[in-house]
Amino acid sequence: MKGTVLYEVKEEVAILTVDNPPVNPLSDGVRTGLYESLVKAEEDDSVKGVVLTGNGRAFIAGADISEFGGNVEGIPLNEVFNKLEFCKKPVVAAINGVALGGGLETALCCNYRIAAETAFVGLPEVNLGLLPGGGGTQRLPRLIGPGEALKMMLSGSHVPAIKALKMGIVDKTSKDVVAESIDFIKEMASNNDNHPRVRDKNEKMLEARGDKNILLEAQAMAAKARKGQFAPGQIIKCVEAAINIDNFDEGIKKEGEYFMECLFHPQREAMIHIFFGERAASKISDVPKDTKIKDIKKAGIIGSGTMGGGIAMCFANAGIPVHIIDQDEENLKRGVSVIEKNYDFMVNKGRLTAEQKDGVFGLVTSSLDYKDVSDCDIVIEAVYENLELKHEIFKSLDEHVKEGAILASNTSGLDIDSIASVTKRPEMVVGTHFFSPANIMRLLEVVRGEATSDETLATIMAIGKKLKKAAVVSLNAPGFIGNRMLFGYTAQANMLLLEGALPHQIDQALESFGLNMGPFRMMDLVGLDLGWRARKLSGKESPLHAKIGDELCEQDRYGQKNGAGYYNYSEGSRAPNPAPENEETYERISAENGFTRREISDEEIVDRCILALINEGADILSEGVSQRAADIDVVYINGYGFPIWRGGPMHHANAMGLDVVIEKLEKYKEITGSDVYKPSEMLVKLAKNGEKLGEAPEKDNRKEKLGFEMSSVANNF
Ligand code: 3H9
């Protein structure tokens, strides 16, 4: 059995310490240990009260997520909670660290809750496609009111102890939580026989009865922030039951039924796949666990544009001093003032106090001189995509920055090996591809060059975690993971336009599938002119899929930046309006390129775009560019707006069944004649063996990796 509960008696108080490192989830051993320890405390006449706490940095991180979907052994959680809630001795939860999900639910079954000032609590089950099924949907509304409880459960947010105290989730905060809890429960036990239970608090439920707004507001919140997800609706139904059913146990029964529906819903499997996928992504199969990590005390950024500024904010937010260099004084001033404005915006929104702003913004310094980053432990170059310019910058950095410091490039597609080759420390050169806006987007693609050392990689993965990023390693290959897939996907969206579908139809079909933003809205946002200018410079004929975009640029339709692209935009607005004037262009370019425009179904749109992603993803995996299929999913969800509840493109392929994927690919190869739909060899092999997309093949069995010089992908960035 996994995990245990330590038992000791001190000053007539039984201290139960959950011990299941590193974060004490409620695995079978913990459930059994808790149950048995409570029985022991009840049977020991010398024990007057019980303190329940966690070992190490966490109180309890919730149910053991790895148990979901399998055969669960040991005592069921609800039996343990029942024992706890009706314990014959008063119990205080000494919340020493995180109390999440089943962890907070455990504390809600105790008579009292005292939290360390540094602890935080939350019910984040919704992020796993679940609902708080250990009584959380019935107890938390009773404690803090259904409106606040719904906000917490639908957002899955982590609430710091001080706020939890104000909200009434905990009774006290403390600097020395276990010692204070012992004194507290001794006093309570001697003064009082009647210890409160959350289940008996009905006032807030009675107050809410008949107030339709509470549930309507929750539904609006779920529709906005959790589009397409199943669990939020279930959570709302549970709280509705808590409000309207007098009998607490009946409410718990309802919660159990709704929980089981979530448990067996495919979204639960998809979202848990991403939970473990994000954690697996930080482990690099051939980099030993005990690899030394450099201490990053100060960071440098070259370039004060949108990317440079955003990356600087990431470091400052993590408490790491950061120095920005730009060659142009005006640019630098503008860049730093944008950072300050971003922080001011957060203050205005109440996300930061003025004092906190001064603290983080105070960590950002800037100048025009490379010498000022000489003492940095890492310097990240974030200038525009030009290999010669990057060569110049890296030569200078190599000269100025102290020995042993990491030199990183934020390139989204240039050759890291070529960049590393101009330095005397190629083993310390790595790609750190942040996504815009870097201070908000979670994805960090870490590009491993031929010479990048284990120490450099391990350090970057550790810093990624510190910056709260979902860091994923990619080998150095054109487009890395994300942009290479994006290229195939947008090319197909453009082909559909050429064949007869319209941008808004394509966008709507893919947004209904769950993508945050359809491809044409996205291309308008990025700017159609970027690719157009690059293609013009190359002097080569544009590929078919780029013909319409290029023609729109010839008509000065560059996208959102000048108010007209595939859509029209009114001044100051990002909302896309139809652009019927483009239809003549679509028809003309289609005809000029030999296409007879036809009706295209939404199903074909979704299939063709998503299959293009999957097929390219399979190639990326078979080349070892990505370590595992789940890494690709993490990239696509955190950087490209793929719906988390579908688990990413590769999980989606596994869920569809690889034989079905191949059947569809062959169908579209037949319809379009395009090699984009020629099933990847890896897919064929796996489907034949009844296997799923998982790990990349061993080094010797990999498909040859794309070279920068021969790649069509590289020409498109
Ligand atoms: C629930 O409670 C349902 C109930 O309502 C009802 C049931 C009937 N289980 O993230 P880290 C592992 S659902 C199993 O790197 P951090 C994690 O995989 C649960 N394993 O650390 C990793 O393993 P490895 C609701 C778990 O300090 C290691 O611990 N609770 C669990 O950055 C370290 O994790 C949640 O959703 C778990 N519950 O962050 C909370 N949690 O080393 C989920 C972690 O092998 N957990 N692991 O890769 C978290 O949000 C973060 O882990 C936490 C710590 C904030 C706690």
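In listed order, ligands and their atoms are each counted from 1. What you see below is based on every heavy atom in this structure, not just the backbone, and it leaves out hydrogens, waters and symmetry mates. Computed from a predicted structure; not experimentally measured.
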Under 4.0 Å, heavy atoms only, figure out whether ligand 1 is touched by the backbone of Pro22, its side chain, both or neither.
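Just the side chain.
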
Contacts of Tyr35 that satisfy ring pair (Phe, Tyr, Trp, His ring centres under 6.0 Å) - sequence neighbours left out:
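For Tyr35 there are no ring pair (Phe, Tyr, Trp, His ring centres under 6.0 Å) partners, ignoring immediate neighbours.
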
Name all residues meeting the ring pair (Phe, Tyr, Trp, His ring centres under 6.0 Å) criterion together with Phe259; count only those two or more places apart in sequence or in a different chain, and write none if there are none.
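Partners of Phe259 by the ring pair (Phe, Tyr, Trp, His ring centres under 6.0 Å) criterion come out as none, since no residue qualifies.
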
Ile481 vs Val472, side chain to side chain contact (heavy atoms under 4.5 Å, CB included): CA-CA, chis, key distance, verdict
CA-CA 9 Å; Ile481 297 173; Val472 176; 4.1 Å; yes

Would one find an N or O of Ser66, backbone or side chain, under 3.5 Å from an N or O of ligand 1?
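Between Ser66 and ligand 1, no N or O pair is found under 3.5 Å apart.
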
N/O donor-acceptor pair under 3.5 Å between Gln267 side chain and Arg646 backbone
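No; judged by distance alone, with no hydrogens or angles, the pair does not exist.
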
Under 3.5 Å donor-acceptor, Arg448 side chain and Ser453 backbone
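The answer is no, because no donor-acceptor pair under 3.5 Å joins these two groups.
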
Among protein heavy atoms, which sits nearest to [atom], and what does the distance come to when rounded to 0.1 Å?
| atom | answer |
| --- | --- |
| atom 44 (C) of ligand 1 | Val23 CG2, 3.3 Å |
| atom 39 (O) of ligand 1 | Arg57 NH1, 4.4 Å |
| atom 38 (N) of ligand 1 | Ala63 O, 2.9 Å |

Under 3.5 Å, is there a donor-acceptor pair between the Gln627 and Ser285 side chains?
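The criterion, which ignores hydrogens and geometry beyond distance, is satisfied for Ser285 and Gln627.
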
Exercise check, heavy-atom protein proximity under 4.0 Å to atom 41 (N) of ligand 1
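Within 4.0 Å: yes, protein heavy atom nearby.
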
Closer than 4.0 Å and a protein heavy atom, does any atom meet both conditions relative to atom 53 (C) of ligand 1?
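It does not: no protein heavy atom is found less than 4.0 Å away from atom 53 (C) of ligand 1.
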
Identified side chain to side chain contact (heavy atoms under 4.5 Å, CB included) counterpart of Leu84 within the set Leu52, Asn111, Leu34:
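For Leu84, the side chain to side chain contact (heavy atoms under 4.5 Å, CB included) check succeeds only for Leu52.
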
Give the single entry among Met271, Glu255, Glu125, Arg279 that approaches atom 17 (C) of ligand 1 most closely by any heavy atom.
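That would be Arg279.
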
With a 4.0 Å cut-off on heavy atoms, is Lys465 touching ligand 1?
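Right, Lys465 reaches ligand 1.
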
